[in-house]
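Bear in mind that the values here come from a model prediction, so they are computed numbers and not experimental data.
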Amino acid sequence: MYLLFFMGAVLYGAVTLVFLILSSAELLDSGLSTPKRLLGVLVTSILWPATLVAVSLVLAFQNVAGRVQSPRQTAPLRLSHHSH
């Protein structure tokens, strides 16, 4: 039983670390990082199951309401260019 708890804690910590690294890297890369936003990233990373459910519900309701736009259909990129 202790082994299962330890394995669950390690898995939860690993996913938390991945969320923290990716979220903070994206925030720093966008140039919008402030101490308050980084604290928000830390909190949402620690509470990743609730964050994942909340974001999924928001996107689902936006999709139902028609607010999420589907990607435009464009011509596929060509890998070669023919010059004449």
Taking Thr51's backbone N and O only, do any of them form a donor-acceptor pair with Thr44's side chain (distance below 3.5 Å, no angle check)? no

Does Leu32 offer a backbone N or O that forms a donor-acceptor pair with the side chain of Arg37 under 3.5 Å? yes

Heavy atoms, side chains only, cut-off 4.5 Å: are Gln62 and Leu59 in contact?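 Counting from C-beta outward, Gln62 and Leu59 do come under 4.5 Å.
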
Measure the [atom1]-[atom2] distance between [X] and [Y] for me, rounded to the nearest 0.5 Å.
X: Leu38; Y: Lys36; atom1: CG; atom2: NZ; answer: 13.0 Å
X: Ser24; Y: Leu22; atom1: OG; atom2: CG; answer: 8.0 Å
X: Leu27; Y: Ser33; atom1: CG; atom2: OG; answer: 5.5 Å

If Ile, Leu, Val, Met, Phe, Trp and Tyr residues are connected whenever their side-chain heavy atoms lie under 4.5 Å apart, and connections chain through other members, are [X] and [Y] in the same group?
X: Leu3; Y: Phe5; value: no
X: Leu20; Y: Leu39; value: yes
X: Phe61; Y: Val53; value: yes

Ignoring hydrogens, what is the shortest heavy-atom contact between Leu47 and Tyr12? Give both atom names and the distance.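 Of all heavy-atom pairs spanning Leu47 and Tyr12, the closest is CA-OH, 4.1 Å.
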
Locate the shortest heavy-atom distance separating Ser45 from Thr16; write the atom from each residue and the value. O-CG2, 3.3 Å

Taking it one step at a time, do Val10 and Met7 satisfy side-chain contact (heavy atoms from CB on, under 4.5 Å)? CA-CA 5 Å; Val10 168; Met7 288 173 48; 5.8 Å; no

